[in-house]
There are 2 protein chains.
Amino acid sequence: MKKTGLVTIKDIAKQLNISPSTVSRALHNHPDISPETKKAVNTLAKELDYHPDSVAQSLQKRRTNLIGVIVPEIKHNFFSAAISGIEDVAYRAGYAIIVSQSNENYEREVVNVRALMSNRVAGLLISISQNTTDSEHFRLLERQNTPFVFFDRVCEDVNASKVMVDDFAGAYTATEHLIKKGYQRIAHLAGPKYISISKKRLEGYKSALKENDMFYDEKLVVFGGMNEEDGRSGFQQLLQLEQMPDAIFAVNDPVAIGAFEKIKEHGLRIPKDIALVGFSNNPISALVDPPLTTVDQPAYEVGKRAAMLLIEQINSGDDFVPREEVLKTKLIVRNST
Amino acid sequence: MKKTGLVTIKDIAKQLNISPSTVSRALHNHPDISPETKKAVNTLAKELDYHPDSVAQSLQKRRTNLIGVIVPEIKHNFFSAAISGIEDVAYRAGYAIIVSQSNENYEREVVNVRALMSNRVAGLLISISQNTTDSEHFRLLERQNTPFVFFDRVCEDVNASKVMVDDFAGAYTATEHLIKKGYQRIAHLAGPKYISISKKRLEGYKSALKENDMFYDEKLVVFGGMNEEDGRSGFQQLLQLEQMPDAIFAVNDPVAIGAFEKIKEHGLRIPKDIALVGFSNNPISALVDPPLTTVDQPAYEVGKRAAMLLIEQINSGDDFVPREEVLKTKLIVRNST
DNA sequence: TTTATATTTGCAAACGTTTGCGAGCAATGC
DNA sequence: GCATTGCTCGCAAACGTTTGCAAATATAAA
């Protein structure tokens, strides 16, 4: 046993008086090696508790068994579920995942991309930060042709595979649901102006209004972030209006929950005084009182599909054409409408 | 530019007509290298978009910049928050994290440990699965002296650093709170019998009863898992009793929420008919109606401390003595009691 | 017996870095 | 003028694997 305690192929070779190359081939069950040698090698390997050094293998193969994942924030329900899906798929395919978060910070996202590239990951799965408008760091990936696919929060002007949920349809259905229920003044607590998912949800909202001959009132749309406090402040803004809305469609559940709190705080009743619809179907949405009508988003599935696409791309080399997948959303009607 | 598109130190050396070793030293700002050479190297490196190959560096240094993390399930609020803390600390210290989940499966936990060892991680952060009773895979880590620290769900018979929350005190305070409020028959929806956190919470529950001269009734303790459905089935079991409890202390928030649903389903009122206390302070607990009294657990902080301990251990070599840290919990009193 | 063929193994280079050691050379001190 | 010192740099080995190629041996064919 060496001082490091780590057994290498050379140790096995030395003890068996054969060459390292023979040991390597024996361990890989190469046809050139005699059954006896193979057996001797394998038993000694087991005995010494030998495990191949992935680092050395990666250097030699010029590719690791690592998949890099970048998300805005791990603790967000949607992302942790997506990561779970990614991990499950990656695990089965023999990959491990390196997870890093941008904390909605563009610079940190860039640093993360570079760090993962330095680690020579086999591919990347990326959900971009709120503040990512520039896509230079993705060009870098293209140039070094590292496979990567976007999920959920995609970068529209980059030609890569993308896995999204049908934000437009989800928002459309949610808004239409409110219209059918007879609500007249439907407000929208929108997300950041320039990220794809909130743009699409806004479009769905607008489109539903239009196709149902409802007036689109700009004042009823409040832009903000994606968190609870944005819901709170957004609702405060709506309160300033001379005429209050009778329903709110929020860009996601946290924002809806934020508004929810403020609504209750002001003694308003849901859905009597004001109806509320979220987006994501976070576990929490079923448990508030009244339970929240929301749009179910298959987070785990998004992660899974993204990982599968990436692995496919990794395996198929240069001749892979990027694909986009849009996963279906589903309106979950509860008592908040 | 080579066909791979990846620039190496050799490429720089060749273009500048110097040796790779000089390039390496220049990039590391080694005093032996003249300012002019350094400048030339650095500008060319920037121009060619050179990034060091971590894999090669790791092989040479015999250590990676990777920290392995094993959790039961990523999507659990507590763990995703802890991972977030880990990532933040690791990022600042120049490490990336490899995250894998055991899915509460012992075999998969073992496989994960081996895979991470193969990847030559600098250290490991582990929260064990429900079904981990054997600790042979941790002995393996000890033998190859890979630093590792347990967090939250620790393995008691392994001599390693541990970061936990004060489960005993949390449970004690929660139970005592119920007693002070005048509840007489306090039930406990317990977790798995043999994992440390649920054992300690049970102990805290028992101890609070005892020190307040209350009778400990075995029938009021129902063992189960850590998820919502365990809360549902657990409550069903309590319903079978000839005399219903007037309060429930659940091993964690998901279990409490599960019971919560069933309680409402049966038309019982919280806290009038039955009081309910959870454990974890998941965001959800504040938003159900009535809001749930619970024990705050600093998940992010647990991850942070564990990561800091691990990095300290990595840096201090063999002469590191394992340490245990117990983080304080805090009772959050809301309207469910 | 010789030649061809198959079987099993080892040599050596390579992957991209880092680093101990020594070489070359100019400047300095005597 | 010679030895010493200091400054730059390159050679070569090493980290643990994999793999093309050749070598060695045994077996079969002629």
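Within every chain, numbering begins at 1; the chains are lettered A, B, ... in the order of the sequence lines, protein sequences first and strands thereafter.
Spacing between atom CZ of R63(A) and atom P of dA14(C) amounts to 23 Å, rounded to whole angstrom units. Counting to the nearest Å, the P atom of dA14(C) and the NZ atom of K10(B) are 8 Å from each other. Atom CD in Q60(B) sits roughly 6 Å away from atom C1' in dC15(D) (whole-Å rounding). Rounded to whole Å, the distance from CD on E36(A) to P on dT9(C) is 8 Å. Rounding to whole angstrom units, NE2 of residue H51(A) and C1' of dT17(D) are separated by 16 Å. Atom CZ of R62(A) is separated from atom C1' of dT17(D) by 12 Å (rounded to the nearest Å). To the nearest angstrom, P of dT17(D) lies 17 Å from CG of D53(B). Taking atom CG of residue L59(B) and atom C1' of nucleotide dA14(D), one finds them 9 Å apart after rounding to whole Å.
Two residues, A56(B) and N17(B), neighbour DNA chain D, and the one matched to the more 5' nucleotide by heavy-atom proximity is N17(B).
Between the side chain of T8(A) and the base of dC15(D), no donor-acceptor pair under 3.5 Å is found. A donor-acceptor contact under 3.5 Å is formed by the side chain of S21(A) with the base of dC11(C).
For N77(B) and N77(A), the side-chain atoms include no donor-acceptor pair closer than 3.5 Å. There is a side-chain donor-acceptor pair under 3.5 Å between T132(B) and E109(B).
The listed nucleotides are dT17(D), dC9(D), dG10(C); the one nearest the side chain of Y50(A) is dT17(D).
The side chain of K38(A) places no N or O atom within less than 4.0 Å of a non-bridging phosphate oxygen (OP1 or OP2) of dT8(C). For Q57(A) and dG16(D), the shortest distance from a side-chain N or O to OP1 or OP2 is not below 4.0 Å. Phosphate proximity of dA14(D) to K61(B): absent, as no side-chain N or O sits under 4.0 Å from OP1 or OP2.
Here the shortest heavy-atom pairing between T8(A) and D11(A) reads N-OD2, 2.8 Å. Closest approach of V121(A) to T64(A), counting heavy atoms only: CA-OG1, 3.5 Å.
Judged by a 6.0 Å distance limit and a 45° cone about the ring axis, R305(B) is not positioned over the six-membered ring of F151(B).
T37(B) comes within contact range of the sugar-phosphate backbone alone, with a heavy-atom separation under 4.0 Å but no base atom that close.
In the region residues 22-35 of chain A, proximity to DNA chain C at under 4.0 angstrom, judged on heavy atoms, holds for T22(A), R25(A), D32(A), I33(A), S34(A).
The distance from atom OG of S127(A) to atom CD1 of I70(A), rounded to the nearest 0.5 Å, is 10.0 Å.
Taking a cutoff of 4.0 Å between a charged side-chain nitrogen and a carboxylate oxygen, R139(A) and E142(A) qualify as a salt bridge.
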